[in-house]
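Keep in mind it's a predicted model, so treat the numbers as computed, not measured. The sequence lines fix the lettering, A, B, ..., with proteins before strands; numbering per chain opens at 1.
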Number of protein chains: 2
Amino acid sequence: MRIGELAKATETRVETIRWYEKVGLLQHNSRTTGNYRTYGEPELARLSFIRRARALGFSLDQVRELLDLAETDGQDCAAVDRLAAAQLKAIDQRLEDLQALRAELSKLLRACEGGSVTNCRIIEALAPRAV
Amino acid sequence: MRIGELAKATETRVETIRWYEKVGLLQHNSRTTGNYRTYGEPELARLSFIRRARALGFSLDQVRELLDLAETDGQDCAAVDRLAAAQLKAIDQRLEDLQALRAELSKLLRACEGGSVTNCRIIEALAPRAV
DNA sequence: CTTGACCCTATAGCGGCTTCAGGGTGCATG
DNA sequence: CATGCACCCTGAAGCCGCTATAGGGTCAAG
């Protein structure tokens with residue numbers, strides 16, 4: 001399988017695949033005579049894994065750890081669990097931040113809707129004190 | 001006022017202020033004989049505005065737009081409103097994504113907790129099909 | 001006269017790619 | 001056999017919004 005095919009199969013951009021190679025996440029099988037990368041099933045599986053983990057918000061470093069753990073035979077499920085739990089906690093934190101931010105912003109927007117044409121309340125709210 | 005003072009007053013790092021200058025968001029008043037930047041009230045106000053807008057999740061480009069709008073006398077409140085509304089929409093989208101992600105991840109975690117020692121269900125779930 | 005807090009510039013680095021420049025490969029069509 | 005086109009290659013730079021690092025200068029107090 002060539003890189004474009006692998007890209008399609010995993011919904012990854014070709015450049016991203018080459019980039020994963022550069023940072024040591026995914027190797028290619030071999031090369032054709034024309035110097036094209038080729039991939040087999042294991043690479044497809046590995047890239048799928050990577051993409052799934054990325055979609056769950058894991059960093060590339062975390063993905064590396066997960067891959068290591070996945071590949072050691074004596075599974076350390078606890079380590080995986082720790083990683084996933086940490087990730088969940090980080091997501092919860094970001095959710096909280098984002099929700100606070102949303103509340104602020106929508107307060108601002110409500111102020112604007114009620115505002116007059118001559119005075120933009122959003123600008124006022126952002127300004128340090130009565131600009 | 002020197003840069004350190006301004007930094008303290010706005011809870012901004014000194015380096016960030018210099019960076020805002022580099023990207024054309026905030027100028028300094030003048031320089032001392034010792035080549036130190038100096039700032040006055042208008043710069044303090046402007047930086048406060050920038051920081052507030054940033055804290056609400058606006059990009060630097062959006063902040064630039066907001067500053068332009070804030071400084072034109074004939075206010076275009078509608079334009080400000082559009083910007084803020086777009087920002088709110090973007091935040092809502094990110095919230096949605098993040099919530100979906102959270103659900104996925106916590107499903108994974110629940111699977112792991114119930115799993116046996118010999119088979120990590122998180123790894124299984126990430127793998128394309130029964131690695 | 002030295003110490004220390006503050007300031008300066010220029011440059012590189014972060015994550016996670018994306019884009020660009022400047023080519024080569026390989027297959028179908030004229 | 002030439003041409004076109006989709007696909008592939010490498011290497012380097014660019015994106016955002018800073019942060020960090022190196023290697024200096026300024027200035028007031030002790």
Exercise for the section: By nearest nucleotide on DNA chain C, pick out whichever of R37(B) and R13(A) is the more 5' one. Expected result: R37(B)
Fill in the blank from the handout: Comparing R51(A) with T32(A), nearest DNA chain C nucleotide closer to 5' gives the residue R51(A)
Exercise for the section: Any chance you could lay out the salt bridge (Lys or Arg N to Asp or Glu O under 4.0 Å) test for E5(A) and R2(A), step after step, and finish with the verdict? Expected result: CA-CA 5 Å; E5(A) 216 176 325; R2(A) 293 193 308 191; 5.9 Å; no
Can you figure out which of [options] approaches the side chain of [X] most closely?
{"X": "R18(A)", "options": "dT9(C), dC6(C), dC8(D)", "answer": "dC8(D)"}
{"X": "R2(B)", "options": "dA20(D), dC6(C), dG17(D)", "answer": "dC6(C)"}
{"X": "V14(B)", "options": "dC7(C), dG17(D), dC17(C)", "answer": "dC7(C)"}
{"X": "E15(A)", "options": "dT10(D), dC7(C), dT18(C)", "answer": "dT18(C)"}
{"X": "R31(A)", "options": "dC18(D), dC17(C), dT10(D)", "answer": "dT10(D)"}

Practice task
Tell me what S59(B) touches on the nucleic acid: a base, only sugar-phosphate, or nothing, going by heavy atoms under 4.0 Å.
Solution key: sugar-phosphate
Exercise for the section: Remember a base hit wins even if backbone is also touched, and classify K22(B) as base, sugar-phosphate or nothing at under 4.0 Å, heavy atoms. Expected result: base
[N] [atom2] sits how many Å from [X] [atom1], rounded?
{"X": "I3(A)", "N": "dG26(C)", "atom1": "CD1", "atom2": "P", "result": "15 Å"}
{"X": "L60(A)", "N": "dT18(C)", "atom1": "CG", "atom2": "P", "result": "11 Å"}
{"X": "K8(B)", "N": "dC6(C)", "atom1": "NZ", "atom2": "P", "result": "6 Å"}
{"X": "L26(A)", "N": "dG16(C)", "atom1": "CG", "atom2": "P", "result": "16 Å"}
{"X": "I17(B)", "N": "dC8(C)", "atom1": "CD1", "atom2": "P", "result": "10 Å"}
{"X": "D61(A)", "N": "dG16(C)", "atom1": "CG", "atom2": "C1'", "result": "11 Å"}
{"X": "I50(A)", "N": "dG16(C)", "atom1": "CD1", "atom2": "P", "result": "13 Å"}
{"X": "W19(B)", "N": "dC8(C)", "atom1": "CH2", "atom2": "P", "result": "18 Å"}

Handout entry: same_hphob_cluster(F58(B), L95(B)) at 4.5 Å side-chain heavy-atom cutoff
Key = yes
Problem - Side chains of R51(A) and Y20(A), donor plus acceptor under 3.5 Å - result: yes
Practice task
Determine yes or no for a side-chain-to-main-chain donor-acceptor pair under 3.5 angstrom, with T38(B) supplying the side chain and S30(B) the backbone.
Solution key: yes
Practice task
Measure the shortest side-chain to side-chain distance between T12(B) and I50(B) over non-hydrogen atoms and say whether it is less than 4.5 angstrom.
Solution key: no
May I ask you to evaluate whether [X] reaches the phosphate of [N], defined as a side-chain N or O under 4.0 Å from OP1 or OP2?
{"X": "T38(A)", "N": "dC8(D)", "value": "no"}
{"X": "Y20(A)", "N": "dG16(C)", "value": "no"}
{"X": "T16(B)", "N": "dT19(D)", "value": "yes"}

Exercise for the section: Return yes if the base of dG25(D) and the side-chain atoms of Y36(B) contain a donor-acceptor N/O pair under 3.5 Å, otherwise no. Expected result: yes
Practice task
For E43(B) and R46(B), run salt bridge (Lys or Arg N to Asp or Glu O under 4.0 Å): C-alpha distance rounded to whole Å, both residues' side-chain angles, the deciding distance at 0.1 Å, then the answer.
Solution key: CA-CA 5 Å; E43(B) 287 77 29; R46(B) 193 177 167 93; over 6 Å; no
